[in-house]
Colleague: 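To start, I am sharing the structure in question, which I have written as structure tokens.
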2 protein chains.
Amino acid sequence: MNLPDARQDVLRARLERGQTVELAFLAEEFGVSVDTVRRDLKLLEMQGVARCVRGGAMPVARPALQRMAEGDARYESIAACALSLIEDGMVLFLDGGSTVLALAQALPPLPNALAVTPAPAVALACLAAGVPTHLVGGRLSALGAVCVGHGTVSALSDLTADLAFLGVCGLEETFGLSADDPDEAFVKRAMAQASGRTIALTSAPKLGRKARHRVLPLKDLDMLITDAPPRATRPFTTKGLEVRHA
Amino acid sequence: MNLPDARQDVLRARLERGQTVELAFLAEEFGVSVDTVRRDLKLLEMQGVARCVRGGAMPVARPALQRMAEGDARYESIAACALSLIEDGMVLFLDGGSTVLALAQALPPLPNALAVTPAPAVALACLAAGVPTHLVGGRLSALGAVCVGHGTVSALSDLTADLAFLGVCGLEETFGLSADDPDEAFVKRAMAQASGRTIALTSAPKLGRKARHRVLPLKDLDMLITDAPPRATRPFTTKGLEVRHA
DNA sequence: CAACATCATGCAACATCCTGCAAGAATATG
DNA sequence: CATATTCTTGCAGGATGTTGCATGATGTTG
């Protein structure tokens, strides 16, 4: 348990859960000096997971609600690439998350298409774009601001779509696509299983990461759209996954 | 949890939600001296988030909020009046519409309550306020950005709540409460029928209006909260409706 | 006006941060 | 197998940030 990677995994998990971590307390818990923990946190800060403050670190990925408002240029290129797959008349599953939200905001009017999503923010963006929208209800998860629960999953299972666009918490060569929240994982899986093609949208930092809960094995994924360089997607292309670089 | 930045984040969040904070109480809560909290608030005052006053600090209305305040100042007073009916542990039905949205944004954290709503914007506001939220899904109506349809109505009918807060398109002495969209009318009616008390929130211009579709007769309404002057609500009070003026 | 609470300032004690460095462990290389 | 390299860790130091307290000033209340 005293390997750097193990410590950093624990820290990453807590931070992504929205917890703030305290330096002195962590040093005690891990049985290492505060310097070591400080270095761990600085590393996570480089990766954009933590925000180092005096005495510890705070999560940078605060509830998806706040990230939403900012809007990120990184995601726009991914969204633009995904748009080329969409035609009017299709039924689209749209997951939650900031990358998929960027896609929803970039949608052109599609009067004959139907967007189906468990994410309220995505639903509003689709409606504003001029796409008929069906919002799948349920309990709202605090982490991702997405509807989850049995009702959500079962409602999704009763639908069928041409394309499913999934946000990604982690995508790893052997572990496949994974999510931080178990309930959100079930929702993602239901969308993947009920759609003709499943497309993952993800920014570079998520590649090679394993989030806590497995959603899909890699072979059930039809396409990956990312802004990562080709070298980072090599493990996936060699396994037969189609990758598009934004 | 005693890092300076963490404290300031908490304070910032409360102030941005319109709460006023009290010095002595905060010192107790954080386990630090009042001097420290005073310094925190002074820092936030430099950043334009707080306005220090004797004994604590008050939220400062920022330009973005002020713009909203021009159109919505009246909604805020209605929301404040509605808040007095709400207690932690209740189940609340929240309709769509800007008045109800203002109420959702004004909610304090209610960890044991449950907010149930067919409106995605309201759901996000409740979640951000720290209230567990259930979003009732369905087709998104283009008019009001509210979920409508048979699934929505039937899901609402299977629930029960203590209070239902309904937005109003029209409220007239004989015609009762009415809505512009037929589908939205069914949703409003379902919420009214499944809740203990039904409360209409409405600004002055809606009084005396008949919208296209009837939702409820006046007698099925338990309370009206409005910013209209007493003279405008005379026809309703004489019919036995309880009216509160914001 | 008197009693009291709150505020601003300065200060000393303390905690934390950064940098550099050396010892140990793991891995690579000849 | 021996040696070199890299990585990780803990520690020492000086710099900087933070905290609580004391002091006098200012505001509030009866």
Side-chain angles (χ1 to χ4, degrees), chain A residues 1-62 170 172-175 204-205 207-210 229 231-232 234-235, chain B residues 1-62:
Chain A
M1 161 52 108
N2 240 338
L3 314 175
D5 291 326
R7 285 196 311 268
Q8 286 161 28
D9 266 13
V10 171
L11 294 175
R12 191 197 312 272
R14 292 192 191 171
L15 287 164
E16 285 180 354
R17 252 167 133 193
Q19 297 182 0
T20 79
V21 291
E22 220 164 325
L23 210 47
F25 182 76
L26 291 171
E28 172 93 11
E29 179 183 347
F30 291 142
V32 297
S33 75
V34 288
D35 302 73
T36 301
V37 181
R38 198 197 314 285
R39 276 185 272 243
D40 286 337
L41 289 176
K42 253 191 142 54
L43 223 89
L44 292 176
E45 190 176 40
M46 300 292 177
Q47 299 172 17
V49 182
R51 196 182 99 230
C52 285
V53 299
R54 191 178 185 79
M58 304 189 46
V60 62
R62 286 183 315 240
E172 204 261 353
E173 184 187 348
T174 58
F175 194 62
L207 294 180
R209 255 199 78 206
K210 292 187 206 175
R231 142 185 78 71
R234 186 69 45 81
Chain B
M1 178 27 147
N2 230 339
L3 317 179
D5 290 15
R7 282 196 313 267
Q8 287 160 28
D9 259 21
V10 171
L11 294 175
R12 191 195 314 273
R14 293 191 190 171
L15 288 165
E16 283 180 353
R17 293 195 37 220
Q19 297 183 4
T20 79
V21 291
E22 218 166 324
L23 211 47
F25 182 74
L26 291 171
E28 172 91 12
E29 179 183 348
F30 292 139
V32 297
S33 74
V34 287
D35 302 72
T36 301
V37 181
R38 199 197 312 286
R39 275 185 274 242
D40 286 337
L41 290 176
K42 242 174 145 56
L43 223 92
L44 292 176
E45 189 175 41
M46 300 291 176
Q47 300 171 14
V49 182
R51 202 183 94 231
C52 287
V53 297
R54 194 178 181 78
M58 299 185 54
V60 52
R62 292 172 312 174

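As a basis for the values below, the full set of heavy atoms in this structure was taken, side chains included, without hydrogen atoms, waters or symmetry mates. Reminder, nothing fancy here: chain letters follow the sequence lines and each chain counts from 1.
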Colleague: Can you tell me how far C1' of C/dC7 sits from CG of B/L23, to the nearest Å?
Modeller: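 Result: 10 Å.
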
Colleague: Give a yes/no on whether any side-chain N or O of A/R7 is located under 4.0 angstrom from OP1 or OP2 of D/dT9.
Modeller: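 Answer yes for this pair, as a side-chain N or O of A/R7 is under 4.0 Å from OP1 or OP2.
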
Colleague: Return the pairing partner of D/dG30 with a 3.5 Å limit on both distances, Watson-Crick or G-U wobble; otherwise return none.
Modeller: C/dC1

Colleague: Any side-chain heavy atom of B/T36 within less than 4.5 Å of one from B/D40?
Modeller: yes

Colleague: Is it true that, when you exclude B/E29 itself, more than 12 heavy atoms of the residues, nucleotides or ligands shown sit nearer than 6.0 Å to its CD?
Modeller: yes

Colleague: Please report the distance, rounded to the nearest Å, between CG in B/L3 and P in C/dT16.
Modeller: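 About 9 Å, once rounded to whole Å.
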
Colleague: Whole Å only: how far is the CG atom of B/D5 from the P atom of D/dT19?
Modeller: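 Rounded to the whole Å, the gap is 10 Å.
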
Colleague: Rounding to a whole Å, what distance do you find between A/L43:CG and D/dT8:P?
Modeller: 8 Å

Colleague: How many Å lie between CZ on B/R54 and P on C/dC4, as a whole number?
Modeller: 15 Å

Colleague: With a 3.5 Å cut-off and just heavy-atom distances, do the side chain of B/R38 and the base of C/dA8 make a donor-acceptor pair?
Modeller: no

Colleague: State whether B/K42 places a side-chain N or O below 4.0 Å from either non-bridging phosphate oxygen (OP1 or OP2) of C/dA8.
Modeller: yes

Colleague: Tell me: CG of A/L26 to P of C/dA15, nearest whole Å?
Modeller: 18 Å

Colleague: Does some side-chain heavy atom of B/F30 sit less than 4.5 Å from a side-chain heavy atom of B/V10?
Modeller: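 The answer is yes; the side chains approach within 4.5 Å.
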
Colleague: Please classify the nucleic acid contact of B/V34 as base, sugar-phosphate, or nothing, using heavy-atom distances under 4.0 Å.
Modeller: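 Nothing: the residue B/V34, judged by heavy atoms under 4.0 Å, touches no strand.
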
Colleague: Does A/V37 reach a base, just sugar-phosphate, or nothing at all? Heavy atoms under 4.0 Å.
Modeller: nothing

Colleague: Can you tell me if the side-chain N/O atoms of B/R39 get under 4.0 Å from OP1 or OP2 in D/dT19?
Modeller: no

Colleague: Output the rounded distance in Å from CG (A/D35) to C1' (D/dC7).
Modeller: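 That distance rounds to 16 Å.
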
Colleague: Are side-chain heavy atoms of B/V53 and B/R51 found at a separation under 4.5 Å?
Modeller: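 Yes. Closest side-chain heavy atoms under 4.5 Å.
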
Colleague: What is the distance, to the nearest angstrom, from the CZ atom on A/F30 to the C1' atom on D/dT9?
Modeller: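 Value for this atom pair: 15 Å.
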
Colleague: Would you say a side-chain N or O of B/S33 is under 4.0 Å from OP1 or OP2 of D/dT19?
Modeller: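 So the side-chain polar atoms of B/S33 never come under 4.0 Å of the phosphate oxygens OP1 or OP2 of D/dT19.
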
Colleague: Using side-chain heavy atoms (C-beta onward) and a distance below 4.5 Å, is B/L26 in contact with B/R14?
Modeller: yes

